[in-house]
Each structure stands twice: as C-alpha cells, then as structure tokens.
Amino acid sequence: MRIQSTPIALPTTALPQRPRLAVTLGDPAGIGPEVVLKALAEPSLTSTCEITVVGSQRLLRQAYLQLKRQQSLGDREAEALADPDQLLILDLPLDEATESQITVGTGNAASGAASFAYLETAIARTLAGEFDGIVTAPIAKSAWKAAGHEYPGQTELLAERSGTQRFGMLFVARSPHSNWTLRTLLATTHIPLRQVPDVLTPELMTAKLELLAACLQQDFGLSTPRIAIAGLNPHSGEQGQLGREEQEWLIPWLAQARRQWPQLQLEGPVPPDTLWVKPGQAWYGAAGADSSAHDAYLALYHDQGLIPVKLLAFDRAINTSIGLPFVRTSPDHGTAFDIAGRGVANANSMKAAVQLAAELARRRMKSFPST
Ligand SMILES: NC(=O)c1ccc[n+]([C@@H]2O[C@H](COP(=O)([O-])OP(=O)(O)OC[C@H]3O[C@@H](n4cnc5c(N)ncnc54)[C@H](O)[C@@H]3O)[C@@H](O)[C@H]2O)c1
Ligand SMILES: N[C@H](C(=O)O)[C@H](O)COP(=O)(O)O
C-alpha cells in the first residue's frame, strides 16, 4: 500500500490511541529490508502501534520476492514475512540510474544516499507531528561517507535535525532467561580509542548521568536507580599505579555527583573487567543476582560497553537514543552485508526495537497527552 508523501494532518479530536512509528529501511543493500519484513510480520507488534515504513517501496518489494523465492527453494520452515502490499509505506523511490547502482551485499554511495534520505524524511515527519517515534534499520557509516554525509552515525543526524545538544546512546536488553533488563549507556561512542581519555571529562560525565537519570525516571519509572560507573583503566587504575584518570578526576567527580544527586545510588569507578559479572549473572538468572545487579551501567567508551551487551544479547539488544524530543530505537546490529540477501538474518533485535519504541511512545503519550 503506497501513501502519497504529503503531510497527514490529523484533526486534534482524533488523537491516535496507538503510537505511530516510522520504521526506516536502512541501507537497502544490507539486511534492513529483511529484518523489517520479518519484524512487521509479527501481529503482536503491528497490533500495538501504527507502523509506516519509510523507504523505497520497490526495493522493499524486491527484497520480499527474493526472500519468498529463497524460502520456496529451502528446506527450512519459512519464516513469516510481512507483505509489502499490506504495509503503510511512505514511498521514497529512487531514480532508475541510482536504483541500478544498488547491489545487495555491497554498501556504496547509492545505498548510502538512499538510507540517508529515508532517515531525513522520517525525522522531518516526526518533528511535524506525524509520528511518535522512529525505529531505524541499520545503515552503513561507510556508505553514508561515500554519499558525502560526514556523520558518525544515525544518532548524530537525529540530534542535529532535532536541535538536540545533549543526547546519549543507551543499549537496552531484556533477558529471555530471567526477564532482567540490562541498560548500558556509552559516555563516548564513535571516536578512535586513543581519543577516549581526552574526550572524557567531568562535564561530559555529568551530562551523560543527567540524561541517564532522566531516562530511567521517564521511560522506566526508576526514580532512585542503582547505577554503576565503569573505571577507565585496568583495576580502575590501581590507586594511580595503572593510570591516573580515576585518581585525578573520576573519583572526585563521582563524590560530587553523589552530593548533587542523592536520589541516585552511584557505585564506582568499578574495575571494568569485573563490572559485568553481576549483570551477566542477572542475565542468566543466578539466584539473587538481579538484586545485586544495577538498574543501569555507564560505560566510558564504545567497546567497553558493547562487548558485554553484544556478548549477552546480540540477538535482542536495542540501541535507544536518549535526550531526543521523540523516541528512537534501532537494532544493535549493523547492515550485515556478508549475509544480506540470503534470508538468514535474525530479526529479533529489530522486533525488540519496534516493541520498545511502542512501549516508550505509549508511556510518553500517557505522561504528556497532546493538548
Ligand atoms: N544500528 C546501526 O545502524 C548499526 C549498528 C552497528 C553497525 N552498523 C554499521 O553496519 C556496518 C557493518 O558493521 P559490522 O560488520 O561491524 O557489524 P554487523 O552487525 O553488521 O555485522 C557483524 C557480524 O554479525 C552478523 N550479523 C549482524 N546482524 C545480524 C543479524 N541480524 N542476524 C544474523 N547475523 C547478523 C554479520 O553477518 C556479521 O558477521 C558498518 O557500516 C557499521 O557502521 C550500523
Ligand atoms: N554503535 C552502535 C552499534 O554498534 O550498535 C551503532 O553503530 C549505532 O550507530 P547509530 O548512531 O547509527 O545508531
């Protein structure tokens, strides 16, 4: 089903009861179309929110037909796929020349430009009040760069276009073993490792902690959360013997943070190698672990936080942008060019991203009903 790309002005009396989510296709050469079609085949998701796919209807249909062909030839039970003709699609067609440059499995300037346009459009329509949140299928940073878009990722474009100065990258995952929820915020993200010690400052940590506390309160109903803050160096510097950052500023900053936010139960700087023991035990449901694990973790750099997240929950963790004026979630994986087009992508993280976006949007609609 194709809808014209004209603003949908709802009369104020007809406020939507279900959250309206824009789901962007991501890089059309990656697994985005596949995981979107698999996720939107879930009635439990599509019944709780109104979903509009933002991207090329033609490329989505091509992905659908390719997956259907593979399933007809395969000996495995065919995984349900949403029929593009049954979906609400905000169609952003490519001209013939550009579309001919899209090769499934290879990100390039054409696929980068397409995925950039999908997200740009979803942001503009959300800011115009047409959507309550955005779920973004994966893009390839390298393809964005090839298309001339110098952003570290989707998060930065979302922040720039929504005029958001302070924002964060939070990973959320609900354990299938214990139903315990892992929440990990990254203090720094897409920067080279060697820059991390210089980018980390007390001001940055304060900004991230404020965002995290507000998110835990607003989106998860946690007003006195237990938060663990990671150390930077091995053994958190071993009293300065293995690095000085903890002694020089991180420990003093934490002492000041405890005074500034008495409602937060702050632990740290926790030695990074043992920080993840309790969440790991809580994830697998060890007796009593969920009471000793924390409500949230503040990791100091990308892989310090994401190695444990993806180790425990690669197939279900959700990247949630906090601080934006609307909900945004994304699967934790990327475009997976190496398996794109083969029909073997796991769509659970995409499903979890849609489900969390609907939950958060619904919660915010109740907290801040439109006037
Ligand atoms: N949400 C996002 O937009 C996002 C997240 C991470 C990486 N990326 C981008 O994706 C591109 C590729 O990144 P990468 O190779 O580091 O990570 P990746 O997640 O794309 O792939 C890593 C490995 O995991 C596998 N994999 C990923 N998702 C899978 C799924 N749903 N089902 C089964 N297997 C899956 C891949 O086949 C690959 O072997 C890069 O350009 C990166 O910037 C985007
Ligand atoms: N760092 C994320 C991850 O590894 O899952 C991902 O690259 C997020 O990037 P965006 O800002 O494009 O969502």
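All ligand and atom numbering here is 1-based and tracks the order in the structure.
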Inset, instruction - Could you pull out every protein residue that has a heavy atom closer than 4.0 Å to ligand 1, ordered by chain and then number? - result: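 Within the 4.0 Å shell of ligand 1, which is judged on heavy atoms, sit Ile31, Pro138, Ile139, Ala140, Lys141, Gln154, Phe314, Ser330, Pro331, Asp332, His333, Gly334, Thr335, Ala336, Asp338, Ile339, Ala345, Asn346.
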
Inset, instruction - Using a strict cut-off of under 4.0 Å between a residue heavy atom and any atom of ligand 2, list the qualifying protein residues by chain and number. - result: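 Contacting ligand 2 under 4.0 Å are Lys141, Gly153, Gln154, Thr155, Met169, Phe171, His190, His302, Leu306, Lys310, Asn319, Arg328, Asp332.
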
Legend entry - Ionic contact status for Arg61 with Asp85, cut-off 4.0 Å: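 Result for this pair is yes, salt bridge flagged.
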
Legend entry - From Arg362, Arg364, Arg363, residue fulfilling salt bridge (Lys or Arg N to Asp or Glu O under 4.0 Å) relative to Asp219: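 Among Arg362, Arg364, Arg363, the one meeting salt bridge (Lys or Arg N to Asp or Glu O under 4.0 Å) with Asp219 is Arg364.
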
Tell me which donor-acceptor pairs under 3.5 Å the side chains of residues 180-192 have, and how far apart each pair is, sequence neighbours excluded?
residue, atom, partner, partner atom, Å
Arg183, NH1, Asp295, O, 2.8
Thr188, OG1, Leu300, O, 2.7

Legend entry - Gln62 and Gln66 side chains, donor-acceptor separation under 3.5 Å: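 Absent: no donor and acceptor within the cut-off.
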
Inset, instruction - Could you tell me how the ring of His149 sits relative to the ring of Trp144: parallel (under 30°), tilted (30 to 60°) or perpendicular (over 60°)? - result: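 It falls in the perpendicular class, over 60°.
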
Legend entry - Rounded distance [0.5 Å steps], CZ in Arg20 versus CE in Met365: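 Going from the CZ atom of Arg20 to the CE atom of Met365 covers 7.0 Å.
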
Legend entry - Those residues that, when tested against Tyr284, pass ring-ring contact (aromatic ring centres under 6.0 Å, His included) (two or more places apart):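 Scan of Tyr284 (ring-ring contact (aromatic ring centres under 6.0 Å, His included), adjacent residues dropped) gives His177.
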
Inset, instruction - Please indicate whether Glu96 has more than 12 foreign heavy atoms, meaning atoms of other residues, nucleotides or ligands, lying under 6.0 Å from its CD. - result: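 No - once you tally the heavy atoms of other residues, nucleotides and ligands closer than 6.0 Å, there are 12 at most.
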
Inset, instruction - Validate the cation-pi geometry between Lys278 and Tyr297: distance from NZ or CZ to the six-membered ring centre under 6.0 Å, angle to the ring axis within 45°. - result: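 Ring-cation test returns no.
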
